[in-house]
Amino acid sequence: MTENGRIRTRFAPSPTGFLHIGGVRTALFNWLYARKNKGQFVLRIEDTDEVRSTEDSVTAILDSMRWLGLEWDEGPRDLASDFGPYAPYYQMKRLEHYRKYSRQLVENGAAYSCYCTKEELDVMRRQAQLEKRPPRYDGRCRALSEAQRKRLEAEGRKPSLRFKMPEEGNTLVDDLIRGQVSFENKLQQDFVIVKTSGVPTYNFAVVIDDHLMEITHVIRGDEHLSNTPSQLQLYLALGWKPPRFAHLSMILGPDGAKLSKRHGATSVLEYRDQGYLAPALRNYLALLGWSTPDSQQLFGGHELVDRFDLSGCQKSPATFDPVKLNWMNGEYIRKTPLPELVRLADPFLRRAGIEPNGGPSLDKAIALEHEKYKTLTEIPGLIEFFYKPVEFTTKAKEKVLSQPGVKQVLLELAVDLDQAEPFTDKALEQRVRQFCSIRGLKTGQVFHPLRAACTGRTEGPTLFLMLEIMGREMVVSRLKSAASGLS
RNA sequence: GCCCCCAUCGUCUAGCGGUUAGGACGCCGCCCUUUCAAGGCGGAAAUAGGAGUUCGAUUCUCCUUGGGGGCACCA
């Protein structure tokens with residue numbers, strides 16, 4: 001906790017690609033924990049990877065976070081500006097801070113210059129692996145004399161800075177999810193804290209920033225657990241109190257490996273574009289590695305925030321299940337009020353080339369099958385027959401329309417329904433049922449051809465309401481046109 | 001190779017020494033119904049293996065096996 005007792009969490013992505021499902025799940029848990037505890041949620045961009053960081057990635061991260069509704073209390077506003085008392089929130093704009101503390105560590109003797117080049121280190125590492133030794137840096141530059149340093153620099157070598165790990169003892173990570181995890185110091189290596197370029201490495205920058213930004217709880221992926229002892233030693237050397245740590249289990253793909261690009265859609269924005277609702281994705285992701293004692297599945301409104309607790313976090317990794325996500329998204333769509341659903345569907349309808357000109361209003365059409373959509377992308381396909389010329393499916397043609405007597409039924413129906421007054425759900429049903437009984441036909445013998453003729457399909461919305469929405473003119477003309485195609 | 005983590009239905013999970021091992025997705029059956037959904041009801045489906053500790057282990061300990069993560073001048 002900070003001095004005023006506030007809980008502060010952060011999400012600190014590196015902009016080296018789009019924000020993926022695993023990353024955003026971490027963001028979500030930090031956001032939930034902060035909101036639950038009336039704390040603050042900070043967004044910080046860790047762009048110290050000079051070769052892989054891109055502005056497009058930053059934009060994608062900000063867009064993803066905003067779309068998902070994970071609003072941050074401090075952090076970047078856009079590519080050029082930040083807001084919040086600890087600005088800037090882009091690490092590359094914070095180099096002076098890192099410089100200050102790296103200098104301090106060198107002066108204390110806790111860090112030292114290393115003149116080994118990347119190539120030399122690669123050779124050492126390969127050699128070590130060949131000899132089946134652990135691939136650690138051997139600390140050869142630790143005890144360089146002033147003269148040796150001078151000579152290496154005269155060769156044109158630029159030093160990196162390494163942190164001196166203690167050679168004995170253990171570092172204990174006290175994790176909110178995993179409990180106490182112990183690491184042997186002698187197995188750790190003198191890791192680089194500042195690169196030759198003067199840019200800090202992740203392990204260094206993250207410690208400086210989490211401290212300066214008064215982060216109280218570091219909630220992050222499991223893959224960082226083994227970095228934690230290094231970071232803890234840094235806190236110790238700097239004389240700082242470390243934050244609490246909570247390492248979340250990872251998200252796996254269907255094949256059991258860490259979720260990655262090769263598992264299909266992994267970018268948050270892809271889910272948006274595939275018609276998933278932000279609250280549904282949030283709900284699903286929350287359940288990946290977290291649960292309540294009663295295994296509640298659906299969390300409406302603020303329930304997710306209210307019920308969230310780190311103690312409900314799972315230690316074992318979870319497999320991402322797109323099928324369950326689809327179910328949940330359907331649940332959320334069903335609960336979405338119609339006007340909002342129509343608004344959400346808009347870009348998907350445009351993309352599918354559906355315009356409500358001539359046909360019924362979109363909200364009536366969309367409402368008709370409201371309980372059927374699992375994703376927004378399914379909407380156009382389920383209502384397009386209102387707005388586009390009828391295309392008969394094979395099943396409609398073979399199983400329904402080609403049955404004997406259907407042509408006659410359709411023709412008579414066209415005449416009969418043209419007289420229907422009023423042209424509404426109930427009246428139409430009554431009329432068609434009467435039509436059947438007069439002719440001694442079973443309802444199915446009429447209902448099915450009627451649907452097939454008007455929509456081209458064998459399945460669809462409830463029949464008579466659909467006819468009402470379609471309107472007399474379109475219904476009659478489609479009946480005639482379907483009949484004319486039959487012999 | 002070394003270090004660390006993990007282990008309940010196919011999947012997400014509840015359980016925190018004594019339960020008919022519960023829920024959810026998916027699957028199967030029935031009902032509703034003009035169809036497809038939605039909804040209702042019901043069903044099949046799990047404690048990785050082996051030693052302990054205990055009157056009693058899904059639960060505690062150890063080992064085995066399996067899975068995952070890490071061992072960069074990437075984060």
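FYI, side chains are in, hydrogens and waters are out, and symmetry mates aren't considered; it's all heavy atoms of this structure.
- Under a cutoff of 6.0 Å and an axis angle of 45°, Arg162(A) and Tyr137(A) form a cation-pi pair.
- Proximity note for Trp327(A) (side chain, C-beta onward) versus rG70(B), rC71(B), rA24(B): the nearest is rA24(B).
- Nucleotide rA48(B) is matched to rU64(B) when pairs are restricted to Watson-Crick or G-U wobble geometry with both distances under 3.5 angstrom.
- Here rC4(B) is the nucleotide among rG1(B), rA75(B), rC4(B) with the atom lying nearest to any side-chain atom of Phe183(A).
- Using a 4.0 Å heavy-atom distance criterion, Arg162(A) is classed as a sugar-phosphate-only contact.
- Within the nucleic acid shown, Arg136(A) has no heavy atom closer than 4.0 Å to any nucleic acid atom.
- The CD1-P distance, from Ile177(A) to rG69(B), rounds to 18 Å in whole Å.
- Across all strands shown, rG1(B) forms a Watson-Crick or G-U wobble pair with rC71(B), both key distances being under 3.5 Å.
- Side chain of Ser160(A), nearest nucleotide from rC73(B), rA38(B), rA24(B): rC73(B).
- rC25(B) and rU64(B): their P atoms are spaced 40 Å apart (whole Å).
- Heavy atoms of Glu46(A) sit under 4.0 angstrom from primed sugar atoms or phosphate atoms, though from no base atom.
- Ser295(A) comes within contact range of at least one nucleobase, with a heavy-atom separation under 4.0 Å.
- If you measure from atom CD1 of Ile333(A) to atom P of rA38(B), you get 13 Å, rounded to the nearest angstrom.
- Between Arg125(A) and rA72(B), a side-chain N or O to OP1/OP2 separation shorter than 4.0 Å is present.
- Base pairing of rC25(B) is made with rG10(B), judged by Watson-Crick or G-U wobble geometry with both donor-acceptor distances under 3.5 Å.
- The interatomic distance linking Met250(A) (CE) with rC12(B) (P) rounds to 14 Å, in whole Å.
- Figure legend: cation-pi geometry between Arg451(A) and Phe447(A) absent, as NZ or CZ is not positioned both under 6.0 Å from the six-membered ring centre and within 45° of its axis.
- Across all strands, Leu161(A) comes closer than 4.0 Å to no nucleic acid atom at all (heavy-atom distances).
- Side-chain N/O atoms of Thr458(A) include none lying less than 4.0 angstrom from OP1 or OP2 on rU35(B).
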Distances under 3.5 Å between protein N/O atoms and the N/O atoms of nucleotides 31-34 of chain B, please, pair by pair.
from: rU34(B); atom 1: OP1; to: Arg433(A); atom 2: NH2; distance (Å): 3.2
from: rU34(B); atom 1: O2'; to: His448(A); atom 2: ND1; distance (Å): 3.4
from: rU34(B); atom 1: O2'; to: His448(A); atom 2: NE2; distance (Å): 2.8
from: rU34(B); atom 1: O2; to: Arg451(A); atom 2: NH2; distance (Å): 2.8
from: rU34(B); atom 1: N3; to: Arg451(A); atom 2: NH2; distance (Å): 3.2
from: rU34(B); atom 1: N3; to: Leu463(A); atom 2: N; distance (Å): 3.4
from: rU34(B); atom 1: O4; to: Thr462(A); atom 2: OG1; distance (Å): 2.8
from: rU34(B); atom 1: O4; to: Leu463(A); atom 2: N; distance (Å): 2.8

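- Between Lys315(A) and rC5(B) there is no side-chain polar atom (N or O) within less than 4.0 angstrom of OP1 or OP2.
- At rC73(B), none of the side-chain N or O atoms of Lys158(A) fall inside 4.0 Å of OP1 or OP2 (strictly under the cut-off).
- Side chain of Gln314(A), nearest nucleotide from rU13(B), rC6(B), rC12(B): rU13(B).
- Among the atoms of the strands shown, only primed sugar atoms or phosphate atoms (P, OP1, OP2) are found under 4.0 Å from some heavy atom of Glu331(A).
- Close to rC2(B), at under 4.0 Å from its OP1 or OP2, lies no side-chain N or O of Arg133(A).
- Looking at heavy-atom distances under 4.0 Å, Pro135(A) makes contact with a base.
- Distances shown here put every side-chain N or O of Gln129(A) at or beyond 4.0 Å from the OP1 or OP2 atom of rC71(B).
- A salt bridge links Arg157(A) and Glu120(A); the closest N-O separation between the charged side-chain nitrogens and carboxylate oxygens is under 4.0 Å.
- At the phosphate of rA14(B), OP1 or OP2 sits under 4.0 Å from a side-chain N or O atom of Ser291(A).
- Heavy atoms of other residues, nucleotides or ligands lying less than 6.0 angstrom from CD of Gln148(A) number more than 12.
- Out of rC6(B), rC5(B), rC73(B), the shortest distance to the side chain of Lys118(A) is found at rC73(B).
- Among the heavy atoms of the strands lying under 4.0 Å from Arg52(A) is at least one base atom, whether or not backbone atoms are also near.
- At a threshold of 4.0 angstrom between heavy atoms, the contacts of Gln188(A) with the nucleic acid are absent.
- Checking the phosphate oxygens (OP1, OP2) of rC74(B), a side-chain nitrogen or oxygen of Lys195(A) falls inside 4.0 Å.
- A distance-only check finds a donor-acceptor pair linking the side chain of Gln297(A) to the backbone of Ser295(A) [under 3.5 Å].
- Nucleic acid contact for Asn227(A): base, since at least one base atom lies under 4.0 Å from a heavy atom of the residue.
- For Arg457(A) and Glu384(A), the salt-bridge test passes: some basic side-chain N is under 4.0 Å from an acidic carboxylate O.
- The phosphate of rG70(B) (OP1 or OP2) has a side-chain N or O of Lys258(A) nearer than 4.0 angstrom.
- With distances taken from any side-chain atom of Thr196(A) to the nucleotides rA75(B), rU13(B), rC73(B), the minimum falls on rC73(B).
- Of the P atoms belonging to rG29(B) and rG67(B), the separation is 35 Å, rounded to the nearest Å.
- In this structure, rU53(B) forms no base pair with any nucleotide, since neither Watson-Crick nor G-U wobble geometry is met with both distances under 3.5 Å.
- Between the side chains of Thr201(A) and Asn203(A), no donor-acceptor pair is found at a separation under 3.5 Å.
- Among the protein residues, Ser182(A) comes within range of the sugar-phosphate backbone only, with heavy atoms under 4.0 Å from sugar or phosphate atoms but none that close to a base.
- Cys114(A) comes within 4.0 angstrom of no nucleic acid atom, judged by non-hydrogen atoms across all strands.
- Within the cation-pi definition used here (under 6.0 Å to the ring centroid, within 45° of the axis), Arg439(A) qualifies as a partner of Phe435(A).
- Atom CG in Leu368(A) sits roughly 16 Å away from atom P in rA38(B) (whole-Å rounding).
- In this structure, His224(A) reaches the bases: a heavy-atom distance under 4.0 Å links it to at least one base atom across the strands shown.
- One finds no salt bridge joining Lys426(A) and Glu429(A) here, because no Lys/Arg side-chain nitrogen approaches an Asp/Glu carboxylate oxygen to under 4.0 Å.
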